[in-house]
Structures are given as structure tokens and as C-alpha cells.
Amino acid sequence: MAGCRGSLCCCCRWCCCCGDRETRTPEELTILGETQEEEDEILPRKDYESLDYDRCINDPYLEVLETMDNKKGRKYEAVKWMMVFAIGVCTGLVGLFVDFFARLFTQLKFGVVQASVEECSQKGCLALSLLELLGFNLTFVFFASLLVLIEPVAAGSGIPEIKCYLNGVKVPGIVRLRTLLCKVFGVLFSVAGGLFVGKEGPMIHSGAVVGAGLPQFQSISLRKIQFNFPYFRSDRDKRDFVSAGAAAGVAAAFGAPIGGTLFSLEEGSSFWNQGLTWRVLFCSMSATFTLNFFRSGIQFGSWGSFQLPGLLNFGEFKCSDSDKKCHLWTAMDLGFFIAMGVIGGLLGATFNCLNKRLAKYRMRNVHPKPKLVRVLESLLVSLVTTVVVFVASMLLGECRQVTSAAQVGNDSIPLQVTSEDVNSSIKTFFCPNETYNDMATLFFNPQESAILQLFHQDSTFSPVTLALFFILYFSLACWTYGISVPSGLFVPSLLCGAAFGRLVANVLKSYIGLGHIYSGTFALIGAAAFLGGVVRMTISLTVILIESTNEITYGLPLMITLMVAKWTGDFFNKGIYDIHVGLRGVPLLEWETEVEMDKLRASDIMEPNLTYVYPHTRIQSLVSILRTTVHHAFPVVTENRGNEREFMKGNQLISNNIKFKKSSILTRAGEQRRRSQSMKSYPSSELRNMCDEHVTSEEPGEKEDLLQQMLERRYTPYPNLYPDQSPSEDWTMEERFRPLTFHGLVLRSQLVTLLVRGVCYSESQSSASQPRLSYAEMAEDYPRYPDIHDLDLTLLNPRMIVDVTPYMNPAPFTVSPNTHVSQVFTLFRTMGLRHLPVVNAVGEIVGVITRHNLTHEFLQARLRQHYQTL
């Protein structure tokens with residue numbers, strides 16, 4: 001199969017559904033990459049397209065190379081550097097916008113509600129305060145849900161979708177301007193609405209959208225605004241900018257440019273080089289310092305001071321000067337950190353398991369219903385969260401003594417992380433002077449302030465309060481992630497884990513008597529353990545946390561904790577992002593295949609049912625192929641050695657090219673596999689002689705051209721040419737599977753462009769008379785090429801001929817039928833391929849491998865078939 005579409009008609013149940021899934025045989029389901037495992041029986045399957053990261057080195061591209069010199073090359077590189085700088089600056093400004101208005105709305109909400117609580121605590125009208133809080137939260141969440149209805153892919157954190165994009169999968173609408181606007185405003189309202197979500201994950205998505213759109217200088221949402229910017233008109237260039245944008249998003253969120261670079265490398269990109277590393281790091285630095293410059297200037301009035309590096313600042317970890325026994329951590333503490341890593345991995349696996357079940361429930365019962373139901377679900381989550389926060393803050397907290405001499409207030413949010421600022425955000429609801437309500441301090445504050453409380457508050461939190469807070473927060477955060485609002489998971493996971501770590505520190509201090517323990521360190525390790533158990537990141541997350549704490553001595557305990565948490569969690573399930581990728585049915589390619597997959601060869605996994613074109617093909621045939629198939633690339637072939645010699649001389653080879661579609665999938669699949677295996681021992685000439693022995697005579701009437709008959713109907717120059725009947729059993733083996741000499745690969749987008757621009761010649765002319773298109777003209781419609789079904793081609797003569805050889809890729813990557821799967825997988829993933837032709841020793845194409853043929857599920861199905869045939 002020459003296209004990326006493996007499971008063609010299994011769409012989401014609420015959109016469309018094939019009625020013949022149940023009638024397919026198990027072998028057909030296997031060929032199509034569909035399995036009938038019990039775990040996935042209710043999951044929707046969407047037909048995703050692949051991105052083409054491989055260069056198409058055709059004649060127009062070679063013409064560009066001929067005009068390229070060192071001066072133009074340096075100019076091209078300089079434009080790249082300017083683009084990544086602009087992406088970093090824009091991403092930083094997006095983060096500034098989200099942070100400013102989220103902080104503004106949060107301060108407004110808590111200021112009004114807090115004043116009401118203080119007043120009503122004496123008058124006995126706390127119900128009115130609860131209604132005020134509900135009014136704020138439900139209004140904000142309602143706006144966030146409406147924005148997701150406008151652009152559904154704006155829901156969630158966006159990290160799974162960006163991970164898929166960098167892996168080579170095109171997720172529709174994921175990097176559009178409308179998605180960016182809905183994401184930015186949506187996460188602003190989600191955070192202000194009191195949901196247990198963070199804005200750091202959506203910042204990564206926002207940075208990726210900026211990286212994808214800014215170098216294009218055009219948008220489908222702003223069609224009338226276009227600039228003549230000829231650079232970066234390919235998936236390959238866009239991938240590099242998306243990598244830089246995603247890294248800039250991490251850098252802006254955490255003030256961690258190095259961590260952002262590693263995140264883009266570890267979690268996303270399948271292709272990397274040294275030049276890309278420098279550009280991504282430069283982009284991350286630009287985003288960090290842009291955000292730092294403006295935040296510091298706006299909040300402190302000291303422009304250029306660079307005091308706030310990211311949206312989330314962990315502050316400085318240091319022991320109190322009065323506590324001489326205190327140490328940030330000691331070698332003895334490593335044992336506790338390992339144990340916390342194990343527990344964090346278990347808690348993360350539990351979180352992921354519960355969230356997966358909730359996601360499946362939503363797919364069954366929420367998503368198929370009208371969109372208003374999704375809004376109602378979001379409002380229900382907001383209602384329950386608000387009531388729990390209010391009731392827990394009023395009733396479940398304990399009054400704890402404030403150890404610092406700083407003045408206690410109720411209405412301010414810390415800007416700098418000092419002891420005074422930490423104490424300024426504590427809440428004294430129903431507590432006497434010099435004491436504070438520990439539960440209200442955690443619940444009735446922005447999440448970032450609660451994290452700082454757990455990291456740096458010298459006063460103690462009650463173990464009962466920490467346990468209740470952890471249970472409530474864990475449950476509500478798990479329920480919240482996946483509803484139809486933009487939502488991140490980093491901050492909720494950090495806060496939940498910090499409560500767990502602080503609880504461990506309290507137990508060790510109070511019940512075991514370990515006086516040297518610094519509670520802030522255990523809170524940080526607990527946050528890392530839980531976050532690592534949920535997302536299963538190691539290298540990048542370690543560096544992000546080190547940069548956020550600005551404390552290099554935490555490197556070893558953080559790395560050990562994250563590794564142990566990942567290993568423990570991986571024993572039970574995948575990370576949360578990989579789970580949601582799997583639930584969407586995205587054909588994501590892992591870093592490498594399992595060892596046992598090397599029992600398979602390329603001939604075992606390839607798609608043998610080929611749709612091909614000839615070097616010189618009539619317009620009627622091209623239109624027929626494009627309108628009756630969904631493939632995105634077509635092999636350019638000739639049928640025999642005589643034709644190949646003529647092709648090499650530049651002569652015209654014309655065919656109506658219709659019989660290839662007349663064979664059934666399974667028959668051709670089996671025969672083509674046998675043929676590819678026979679190529680190991682039979683030369684092409686011997687195989688053709690074997691086929692000639694079985695040639696049977698045909699009736700003269702059967703040779704009549706079906707295509708010509710249909711074209712004689714003047715009322716429709718381009719009818720649907722897919723035959724209605726199965727092939728005749730009298731067809732010879734050579735008619736079914738004639739040897740096809742492979743000459744190159746031509747893309748659907750290239751064929752459509754040729755038809756739109758009328759690139760063809762008449763039968764009485766030479767192919768040299770065909771108009772030639774430049775590289776800029778071929779890429780002008782990128783990334784949204786016209787759909788063949790939307791084009792009016794009535795002005796074209798269907799008997800005209802198109803010479804595709806100047807525009808095909810004459811030297812794509814190919815593999816032998818005997819190539820082991822691990823080699824195929826490595827080549828496909830590292831080179832960012834979309835189609836990988838399988839060509840035998842004599843240059844004949846016997847199949848094509850696409851992304852769907854390399855997914856874990858498809859390979860497992862093929863391996864089971866392999867064992868059955870042994």
C-alpha cells in the first residue's frame with residue numbers, strides 16, 4: 001500500500017463508521033493493521049497521515065541546487081537563525097500574556113471571595129461566599145469549554161499531539177493559528193477557573209504552533225494576509241521549527257532552556273543533528289530571557305533585572321540559619337529517595353490507569369453525544385472541585401503555629417520566593433493570631449503558591465491535612481485531565497507529589513526522629529517521583545527540575561528518583577502521554593523494535609497491493625487513480641525490460657493503467673509475497689517464462705477497454721473508474737502480477753499540482769513540449785494542496801499525457817525483501833520517511849512499507865502469523 005492510511009474507514013463512532021468491520025476476516029484485519037484485542041475494542045480508530053521528512057530530489061529541486069552558492073547558503077542559514085529567534089521571542093510573549101491575565105483573574109477572584117469569607121465568618125453567611133466562588137469558577141470554565149468547542153484539538157495539554165507531530169504523524173489542525181488562540185485563552189480561563197490544571201503543558205503546545213506557523217508567513221485563518229516568503233516550504237523544515245517551538249515552550253514555562261532542548265530531543269523528534277541542537281537551544285534561551293525581561297519589569301518595575309526566569313519558579317532551597325543540624329540532603333537520605341521513587345512510580349501508574357479508564361468512558365458515553373454534553377461535564381467537574389476546595393478549607397484544616405516572625409496576611413500572592421513572601425500567602429481562616437489554617441493555605445491559593453508553601457514553609461503541616469489533601473487532589477486531578485478544556489498536568493502532578501514528599505518528611509521527623517531532614521528537599525523529591533511516575537520522563541525532567549531549583553546538588557537524587565519511578569511505573573503501564581496517544585489510535589513509532597521482531601523480514605510486513613503510475617500517463621488515468629484511491633505516493637514503474645530500455649531512451653510509454661485495481665486484497669497479498677520470496681532464487685526472465693506457460697487465450701470482446709467505454713459518455717469526462725466486478729479467474733499470473741521495474745516515487749500532491757497547472761502534452765507531440773514547473777511553483781500550495789475531488793478539470797483533455805519523470809523522486813530510500821525488520825524500522829524512523837519501497841535484486845518493486853506497517857500492533861499481528869506458519 002503506497003499510502004499511510006492503514007485502517008481506512010474506522011472513524012470515531014460519533015462521526016462515521018464502516019459497517020463491514022464485523023464481516024472482515026482476521027487476515028484482512030491484520031493486513032489493515034486492526035486487532036481485536038479486548039482492551040481496544042471500544043477505542044476509535046482514526047486514519048492519520050504521515051509527514052514527509054525526506055527530501056524529494058527531483059528536477060525542480062536540482063535546478064535550485066544548481067543556482068545555490070556559498071553566499072545563498074549563508075543567507076539561508078541566517079534566515080533560519082532569525083526565525084528561531086523570532087519563535088523564541090513570540091513564545092515568551094505568549095507565556096507572558098497567559099501568566100499576566102491568569103494572575104490578574106486569580107487575584108480578582110480570591111480577593112473578592114476572601115473578603116466575603118472574612119465578613120461572613122462573623123455573620124454566618126458562608127454559603128454566600130461559596131456561591132461567589134462558584135460564580136467565578138463556573139464562568140471561567142464555561143468560557144474555556146466554549147473555546148474547545150471551536151477548536152477541539154485545543155483540549156488537553158497538547159503534548160501527546162506535538163509528540164506525534166515530531167514523530168512524523170500529521171494530526172489535523174494541531175498547529176493552526178485558531179488552535180493557538182483557543183489554547184492560549186482557554187488555558188487562561190481554565191487556570192483562573194480553579195480547575196486542577198497547569199499552564200505549563202499548553203505552553204509547550206503553544207510554542208510548537210508558533211514554530212510551525214511563523215516561518216510560513218501565512219495562515220488558513222487569515223487567508224487574505226499573505227507574504228511572498230519562499231523559504232521553508234516543506235515538512236522537513238517545519239519539523240525543525242516545531243522542535244524549536246516546543247523547546248521554547250518548556251523553557252518559558254520552567255525557565256529551563258537546556259531542559260527544553262532535551263525535552264524536544266527525548267520526547268519528540270525522531271531526527272536530530274548538531275546544527276538543530278544549537279538552533280533549538282538558542283530558541284529556548286530567547287524564550288526564557290524574553291519572558292524573564294518582561295515579567296521582571298512588569299512585576300518589580302526593574303527592567304533588565306531578570307529575576308523571574310519562568311512561569312513556575314521553585315525558589316531557593318536552603319536550611320534555616322538557626323538550625324545547625326539541617327542539611328539539604330545526605331547520603332543516608334538516598335535510600336529514602338529510592339523508596340519514594342518506587343512509591344511515586346506506583347502512584348503514577350495508578351493515576352494513569354484510572355485516567356485511562358475515565359478516557360475510555362468519555363469515548364463511549366460523552367464524546368458520541370452532542371457537544372453541549374462536554375461543556376456540562378466540564379462544568380460538573382468545576383462544581384465538584386469548587387465545593388471540595390471550599391468545604392475542605394473551611395472544615396478540614398488545622399490551626400498551625402507560624403514559626404517565622406513575618407507578618408501574616410490573607411490577600412497577597414508571593415512574587416519573590418523569600419520567607420516573608422511564603423508566609424504572606426498563608427490563610428488564617430477561623431484560626432487565632434500567629435496561627436494559620438494549613439488546609440486553606442494549600443487549597444485556597446493558586447497552585448504555584450501552594451507548591452512554594454510545601455517547598456519552603458518552615459512551619460509544619462499536619463500529617464492528616466497532607467494525607468487528606470493528597471487524596472482529594474489526586475482524585476480531582478485524575479478526573480479533570482481529559483475533560484474538554486485546555487489543561488496541563490505538570491503543576492498538578494508537582495503539587496500532588498510535593499504533598500506526598502512533605503508527608504514523608506513529617507513522618508520521618510516526628511515518628512522516627514531524624515532531625516537533620518530538610519522538608520523542602522523531600523517535598524521536591526516527592527514532586528519529582530510522582531511526576532516521573534505519571535509522565536515517565538527522565539533526562540529532560542531531571543534537567544528541568546535542576547534548572548528550576550537552581551541547585552545543582554539536587555542532580556543525583558533527582559536523577560535516581562526519576563529513574564526508579566519510571567522503571568516502577570513501566571512495569572504496570574505506559575506514561576500518561578503515551579496512553580492518550582494510544583487511545584487516539586495514532587501510529588506512533590517507538591525508538592526501536594523488540595528483539596523478537598527480527599524474525600520478520602520486509603517481505604512479511606510490506607503492503608503488496610500496489611497502486612502505480614507509468615512514466616508517461618494519460619490524464620484520464622491519473623484522475624482515475626487519484627479519485628479512487630487514498631494513497632499519498634505512487635511508484636513510477638514500467639512493466640518489462642523492453643519498456644525499460646525504451647524508458648531509458650526517453651521514449652513515451654502510454655497506458656490507461658486500470659487493471660491493477662481489479663484484484664482482491666488477499667489474493668494479491670498472498671501471491672505477491674510468494675513472488676517476492678521467489679525472487680530469491682529465480683531471475684526476472686525465468687519468472688516471466690513461468691508466467692508465460694500459463695497464458696490462456698481471451699475472447700476478443702474481453703480486450704475492449706473499459707476506460708474508453710466510460711469516457712465515451714460525454715456528460716461526464718471524469719467518471720468514477722473503479723470497476724464494479726472482481727477480476728476474471730481466466731486472468732493469467734502475469735496479468736495479475738507482471739514484473740514492475742521501479743524508477744521512482746511521485747507524491748499525490750505533485751500529481752495534483754501538475755493537473756491543476758495543466759502540465760501535459762498531446763500524443764502527437766514530444767514530451768519536451770510539456771511545460772516545466774519550478775520548485776517554488778511546486779511548493780506554492782504547501783501545506784494544504786488542493787483536493788482532487790474539489791477540482792474542476794473539465795477543461796483538460798483526458799487523452800493528454802503527463803510526463804511525471806521530472807517531478808518524481810528517482811532515488812528514494814529502498815530496502816530488499818530480505819531486510820530484517822529492525823533495519824527497516826531504524827531506516828524509516830531516523831530518516832523520517834513516509835513511504836519505503838521494497839525492491840528486489842533485479843530492480844522490481846514488490847511492495848511498499850508505510851508507518852502503519854511498523855506500528856507495534858501490526859508487527860505483533862505479523863509475528864503471530866509467522867509463528868502459525870512454522
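Hydrogens, waters and symmetry mates are skipped; everything else that's a heavy atom, side chains included, is used.
Under the 30°/60° scheme for interplanar angles, the aromatic rings of Phe443 and Phe196 are found to lie parallel.
In this structure, Val175 and Ala208 approach most closely via the heavy-atom pair CG1-O, 4.4 Å. Between Pro557 and Thr561, the closest heavy-atom pair is O-OG1, 2.7 Å. Glu161 and Ile174 get closest at one heavy-atom pair: CB-CD1, 3.2 Å. Nearest heavy-atom pair, Ser540 versus Gly259, reported as atom, atom and distance to 0.1 Å: CB-O, 3.9 Å. Taking both residues in full, the closest heavy atoms of Ala392 and Leu472 are given as CB-CD1, 4.3 Å, listed atom of the first, atom of the second, then distance. Between Ala102 and Val191, the closest heavy-atom pair is CB-CG1, 4.4 Å.
A distance of 11.0 Å separates CG of Leu149 from CD of Glu151, quoted to the nearest 0.5 Å. Atom CG of Asn352 and atom CZ of Arg536 lie 5.0 Å apart (nearest 0.5 Å). Between the CG atom in Leu495 and the CG atom in Leu531 there is a gap of 12.0 Å [rounded to 0.5 Å]. The CD1 atom of Ile87 sits 5.5 Å away from atom SG of Cys283, with the distance rounded to the nearest 0.5 Å. From Ser493, atom OG reaches atom CD of Glu200 across 11.0 Å, with rounding to the nearest 0.5 Å. One distance of note links OG of Ser519 with CZ of Phe455; it measures 12.0 Å at 0.5 Å rounding.
Salt-bridge check for Arg103 with Glu448: failed, with every basic side-chain N at 4.0 Å or more from each acidic carboxylate O.
Phe470 CZ: more than 12 foreign heavy atoms inside a 6.0 Å radius. Atom CZ of Phe105 sits in a crowded spot, with more than 12 heavy atoms from other residues, nucleotides or ligands closer than 6.0 Å. The local environment of CZ in Phe185 is sparse, with at most 12 non-hydrogen atoms from other residues, nucleotides or ligands closer than 6.0 Å.
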Stepwise ring-ring contact (aromatic ring centres under 6.0 Å, His included) test for Phe294 and Phe100
CA-CA 10 Å; Phe294 284 102; Phe100 179 81; over 10 Å; no
Does the pair Phe101 and Phe97 meet the rule for a ring-ring contact (aromatic ring centres under 6.0 Å, His included), with working shown?
CA-CA 6 Å; Phe101 283 98; Phe97 177 85; 4.8 Å; yes
Test side chain to side chain contact (heavy atoms under 4.5 Å, CB included) on His580 and Ile159 and set out the steps.
CA-CA 10 Å; His580 280 265; Ile159 294 179; over 6 Å; no
Starting from the C-alpha separation in whole Å, work towards a yes-or-no answer on side chain to side chain contact (heavy atoms under 4.5 Å, CB included) for Ser487 and Leu195.
CA-CA 9 Å; Ser487 58; Leu195 292 176; over 6 Å; no
Carefully, step by step, assess Ile258 and Leu281 under the rule side chain to side chain contact (heavy atoms under 4.5 Å, CB included).
CA-CA 7 Å; Ile258 300 175; Leu281 180 59; 4.3 Å; yes
Derivation of the side chain to side chain contact (heavy atoms under 4.5 Å, CB included) call for Phe254 and Glu547:
CA-CA 8 Å; Phe254 296 97; Glu547 290 185 278; over 6 Å; no
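Counting heavy atoms from C-beta on, the side chains of Phe490 and Leu312 never come closer than 4.5 Å. Counting heavy atoms from C-beta on, the side chains of Leu558 and Leu524 come closer than 4.5 Å. Residues Ser157 and His205 have side chains not in contact (no heavy-atom distance under 4.5 Å, counting atoms from C-beta outward). For the pair Val210 and Ser206, the minimum side-chain heavy-atom distance is 4.5 Å or more. With contacts defined as side-chain heavy-atom distances shorter than 4.5 Å, the pair Val375/Phe142 qualifies. Counting heavy atoms from C-beta outward, Leu454 and Leu466 have side chains that approach closer than 4.5 Å. Residues Phe500 and Val504 are in side-chain contact: their nearest non-hydrogen atoms beyond the backbone lie under 4.5 Å apart. In this structure the side chain of Ile298 reaches within 4.5 angstrom of the side chain of Leu96, judged on heavy atoms.
Thr179 places a side-chain N or O within 3.5 Å of a backbone atom of Gly173 that can act as its donor or acceptor partner. Checked by atom type and distance alone, the side chain of Lys109 pairs as donor or acceptor with a backbone atom of Ala192 at under 3.5 Å. A donor-acceptor distance shorter than 3.5 angstrom exists from the side chain of Asn445 to the backbone of Thr441, with no hydrogens or angles considered. For the pair Ser190 (side chain) and Ala144 (backbone), a donor-acceptor distance under 3.5 Å is absent. Between the side chain of Asn355 and the main chain of Ile576, no donor-acceptor pair closer than 3.5 Å is present. When atom types are taken as modelled, the side chain of Ser264 and the backbone of Gly260 share no donor-acceptor pair closer than 3.5 angstrom. No donor-acceptor pair closer than 3.5 Å links the side chain of Arg374 to the backbone N or O of Ser484. Remark: the backbone N or O of Val141 is paired with a side-chain donor or acceptor of Ser145 at under 3.5 angstrom. Asn506 places a side-chain N or O within donor-acceptor distance of the main-chain N or O of Phe461, the cut-off being under 3.5 Å. The closest donor-acceptor contact from the side chain of Thr549 to the backbone of Ile546 lies under 3.5 Å.
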